[in-house]
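Along the sequence shown, residues carry numbers from 1.
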Amino acid sequence: MTANFRIAADVPPAPQSSGVMQPQSRGGFFDAARWPDRKVFPLLIVTLLVLYGLLQNPYWVPAGDSELYTAAARNIAIGRGYTFNGQSVAIIPPGWAYMLAAVMKITPYFLPLKLMAMTLMIASLAMSYRIVRRFVSPPRAAAIILLTAIISHVYQATYWLISESAFCLFTSASLLVAMQIAEGRKQVWRVVLLLLLCAGGVSVRWAGVLSVPLIVAILINGEWKPRKDFNWTTAWLVIAMTMITFFGLRFALRGTPEENAAARDMVTGTGEDMGSLPAQDVGPPITGAANQSAKAYHLFPTGSYADRFLNFGRWFSYLYWQPFRAAGASAAILAAASLSGWVLIFVLCVLVFITARRKQWLWLAVLMYTGLLAIGWTNVNARYYVPITFLITLGLFLATDELAALLSRRTAWRKTLIAAFVLFVASVAVCNLALYTVEMVIARSERFYARYEDGLNMPLITACQYLDSLGTVKDGHIAVSQRYTNLNKAKASPFGLRASVLLTGKQILTPRFTDTSSPPNSNSRAGRSLKRWLKSKEVKWYLYQPEISPWRVWHFRLGWYEKWQTGQTAEKDTAGWQLYRPTRDGEDWIPVRLSNKFQPVTRVPGL
């Protein structure tokens with residue numbers, strides 16, 4: 001076992017496996033000689049096709065960021081340019097939207113779009129396997145890739161139309177080509193391909209700049225002083241190409257201050273810009289007796305860099321055990337999430353320390369990648385780790401090997417380490433397979449929208465289809481509340497706006513967050529202020545989302561959890577969306593009664 005990939009400058013190339021360090025055979029059923037690449041790799045691909053294929057259906061799957069990308073891609077496909085809700089998009093790069101638009105010009109249905117996302121993710125994992133094979137045997141490499149593939153943040157990118165699948169492909173492909181160059185395959189065309197992959201990554205996600213340390217670490221493996229040679233020159237070209245693409249796109253997508261302000265209002269909460277936003281949540285409630293709750297005490301101010309550093313562990317725990325995200329309503333779960341994540345960071349740091357002493361920089365770059373995201377974002381979003389999840393998982397495997405070697409003479413400690421590692425792998429597998437099973441059953445259900453998020457999105461779809469059927473609704477006639485209240489916390493959510501723009505194709509307004517705490521027919525201060533705003537903007541329809549009770553977590557309603565935390569819960573479901581219209585005199589607003597029937601969304605509206 002080795003924590004480094006083999007390069008031509010170190011040893012003669014291995015036969016039939018250029019640049020691959022072949023681990024020593026361990027014997028037994030998983031003997032590397034018994035399970036070579038020609039057997040393992042096809043089996044891995046077939047397994048991925050089955051796993052991800054079962055998650056596919058013809059329906060639009062609400063996700064948040066998906067709606068922004070899909071609506072922008074629709075505008076590209078119909079000739080309106082890279083815009084969303086009537087404004088130029090500058091907050092996210094256009095690469096993924098143009099890829100979606102290319103498919104939309106062929107077919108308007110969601111299933112081909114989702115199949116493209118699935119294909120890109122499988123291709124990314126296939127390249128990741130070739131990278132992992134430079135460190136471990138074929139059976140172990142397949143196990144690492146499969147463990148990565150079943151993580152919920154990863155498989156969700158195969159049916160949500162988010163940019164992860166394309167970004168993962170650009171990332172894994174660029175790392176693989178960089179390794180090939182470092183191993184001695186110094187053809188100019190590989191350098192050109194690497195530069196194009198770096199540019200492509202940035203065109204899909206601004207976070208593509210974070211791949212630069214990984215690529216450079218691979219190219220200068222074993223060195224730390226700059227030299228005038230092929231690898232160092234390639235590294236400088238990678239840095240230059242990435243920066244030119246990044247700043248070039250930022251310049252090309254720039255808008256006026258007014259346009260930028262409007263765009264930020266429309267796409268608040270996008271995966272690309274959450275780090276620059278103030279945290280809405282001020283902490284999880286700490287519950288005592290029934291009906292009592294107090295905010296958790298913070299050692300450091302929420303959103304401060306010290307607070308972000310302490311939350312670093314939650315990025316890792318949320319990545320491997322997504323149910324920890326329910327920690328927002330329990331201080332005990334929050335503490336467990338932080339502690340378990342920091343244990344993984346410590347294990348990874350062991351590998352970083354050992355390999356850095358050998359001038360092997362890849363794992364130091366992985367730690368930099370994860371750390372920069374954690375420090376740069378006020379909100380924990382483990383989804384951003386998806387492009388390098390296979391590397392993080394591989395690093396934990398290799399770190400365990402290194403620790404086991406150090407403890408070779410301490411039998412009891414070594415057995416404890418191995419038991420803890422087996423428990424880690426088993427817990428990740430069981431947790432995510434359970435989540436996968438639920439997702440798969442819902443995806444195969446004939447009542448998909450009734451079961452997905454427990455039907456939370458059905459009233460919104462019904463309202464949007466009703467407004468579209470009227471034929472008289474114009475741009476600016478609809479306003480949508482951005483308030484989302486669940487788990488005893490209220491925050492601004494972009495989902496309602498994005499989904500409404502996608503489903504209606506109209507330009508939609510959003511009131512101030514402070515005016516959305518009450519419906520427009522309320523006599524509260526917020527309700528009166530909201531009515532004045534709606535009247536001044538000549539809004540004719542208003543979509544409002546009341547506080548969610550019983551609480552929702554994922555696809556389940558958890559009334560028992562709400563009662564445990566707060567001492568009470570709603571006797572009937574109050575979740576969903578309510579459509580309001582003004583009275584004839586325009587002085588008040590009344591709810592609109594809609595049927596529970598709607599058409600399943602299987603094609604992009606407006607195409």
Looking at Val592, is its backbone amide N or carbonyl O close enough to the side chain of Gln578 to form a donor-acceptor pair, meaning the two atoms are under 3.5 Å apart? yes
Output yes when Lys506 and Asp475 qualify as a salt bridge under the 4.0 Å nitrogen-oxygen rule, no when they do not. no
Judged by atom type as modelled, is there a donor-acceptor pair below 3.5 Å linking the side chain of Lys114 to the main-chain atoms of Asn57? yes
Would you say Tyr466 and Leu579 make side-chain contact, with heavy atoms under 4.5 Å? yes
For Ser427 and Trp321, does a side-chain donor sit closer than 3.5 Å to a side-chain acceptor? yes
Would you say that Ile392 contacts Phe316 through its side chain, given a criterion of any heavy-atom pair below 4.5 Å between the two side chains? yes
Just by distance, with hydrogens left out, do Asn311 and Arg308 show a side-chain donor and acceptor under 3.5 Å apart? no
Evaluate the criterion side-chain hydrogen bond (donor to acceptor under 3.5 Å, both in side chains) for residue pair Tyr159 and Glu439; output intermediate values, then yes/no. CA-CA 11 Å; Tyr159 55 84; Glu439 293 278 21; 3.1 Å; yes
Is the shortest side-chain heavy-atom distance between Arg498 and Asp65 below 4.5 Å? yes
Whether the side chain of Ser317 engages the backbone of Ala337 through a donor-acceptor N/O pair (distance < 3.5 Å, no angle test) should be reported. yes
For the pair Phe312 and Trp342, name the ring-plane relationship: parallel under 30°, tilted 30 to 60°, perpendicular over 60°. perpendicular
What class does the angle between the rings of Tyr155 and Tyr436 fall in, given that below 30° is parallel, 30 to 60° is tilted and above 60° is perpendicular? perpendicular
As an exercise, state the distance from CD1 of Ile151 to OG1 of Thr389, rounded to the nearest 0.5 Å. 5.5 Å
How close do Asp468 and Thr504 get, counting heavy atoms only, and between which atoms? OD1-O, 4.1 Å
Please lay out, stage by stage, how Phe324 and Ile333 fare under the test side chain to side chain contact (heavy atoms under 4.5 Å, CB included). CA-CA 7 Å; Phe324 268 138; Ile333 298 176; 3.8 Å; yes
Trp96 side chain to Leu161 backbone, donor-acceptor under 3.5 Å: yes
Quick check: does any side chain N or O of Ser66 sit under 3.5 Å from a backbone N or O of Ala63, one acting as donor and the other as acceptor? no
So do the side chains of Trp554 and Asp454 get within less than 4.5 Å of each other, counting heavy atoms only? no
Contact check, side chains of Leu467 and Ile478, non-hydrogen atoms, under 4.5 Å: yes
Heavy-atom pair with the smallest gap, counting every atom of Gly496 and Val480: C-CG1, 3.7 Å
Once you round to the nearest 0.5 Å, how far does OG of Ser500 lie from CG of Asn85? 9.5 Å
Given side chains that start at C-beta, do those of Thr462 and Lys597 come closer than 4.5 Å, heavy atoms only? no
Test Tyr59 against Phe448 for ring pair (Phe, Tyr, Trp, His ring centres under 6.0 Å), laying out the working first. CA-CA 8 Å; Tyr59 307 118; Phe448 173 72; 5.4 Å; yes
Taking all atoms of both residues into account, what is the closest heavy-atom pair of Pro605 and Arg74, and its distance? O-NH1, 2.7 Å
How are the rings of Trp589 and Tyr542 set to each other: parallel, tilted or perpendicular (split at 30° and 60°)? perpendicular
Going through the checks in order, is the salt bridge (charged side-chain N to carboxylate O under 4.0 Å, His left out) test met by Arg552 and Glu453? CA-CA 8 Å; Arg552 293 293 211 286; Glu453 294 186 344; over 6 Å; no
Distance from Phe495 atom CZ to Leu502 atom CG, nearest 0.5 Å? 9.0 Å
Pair Glu587, Lys531 - check salt bridge (charged side-chain N to carboxylate O under 4.0 Å, His left out), show working. CA-CA 8 Å; Glu587 297 301 322; Lys531 277 185 279 193; over 6 Å; no
May I have the step-by-step check of side-chain hydrogen bond (donor to acceptor under 3.5 Å, both in side chains) for Ser529 and Asp515, ending in yes or no? CA-CA 6 Å; Ser529 178; Asp515 291 341; 3.1 Å; yes
Lys491 and Asn486: side-chain donor and acceptor closer than 3.5 Å? no
So do Leu509 and Leu534 actually touch side chain to side chain, heavy atoms under 4.5 Å? no
Parallel, tilted or perpendicular: ring planes of Tyr544 versus Tyr580, cut at 30 and 60 degrees: perpendicular
Any chance the side chains of Glu67 and Trp60 put a donor and an acceptor closer than 3.5 Å? yes
Main-chain N/O of Thr158 paired with Gln56 side-chain donor or acceptor, under 3.5 Å: yes
Validate the cation-pi geometry between Arg603 and Phe110: distance from NZ or CZ to the six-membered ring centre under 6.0 Å, angle to the ring axis within 45°. no
Non-hydrogen atoms of Leu100 and Ala73 that approach each other most closely: CB-CB, 3.6 Å
The reported gap from CZ in Arg444 to CG in Leu54 (rounded to nearest 0.5 angstrom) is 6.5 Å
If you measure only the distance, is there a donor-acceptor pair under 3.5 Å linking the side chains of Ser524 and Ser518? yes
To the closest 0.5 Å, what do you measure between CG (Leu210) and OH (Tyr369)? 5.5 Å
Does the side chain of Ser152 reach to within under 4.5 Å of the side chain of Gln322, using non-hydrogen atoms? yes
What's the spacing between Arg314 CZ and Ser340 OG if we round to 0.5 Å? 11.0 Å
Determine yes or no for a side-chain-to-main-chain donor-acceptor pair under 3.5 angstrom, with Arg483 supplying the side chain and Phe513 the backbone. yes
Please report the shortest heavy-atom distance between Ser88 and Thr83, naming the atom on each side. CA-CG2, 4.1 Å
Is a side-chain donor or acceptor of Tyr449 paired with a backbone partner of Phe598 at a separation under 3.5 angstrom? no
Trp206 six-ring face occupied by Arg250 cation (under 6.0 Å, within 45°): yes
Looking at Tyr385 versus His153, is the centre-to-centre ring distance below 6.0 Å? no
Please find the pair of heavy atoms, one from Ser517 and one from Ala526, that lie closest to each other, and give the distance. OG-CB, 3.3 Å
Between Ser124 and Leu120 (side chain of the first, backbone of the second, donor and acceptor by atom type, cut-off under 3.5 Å), is there such a pair? no
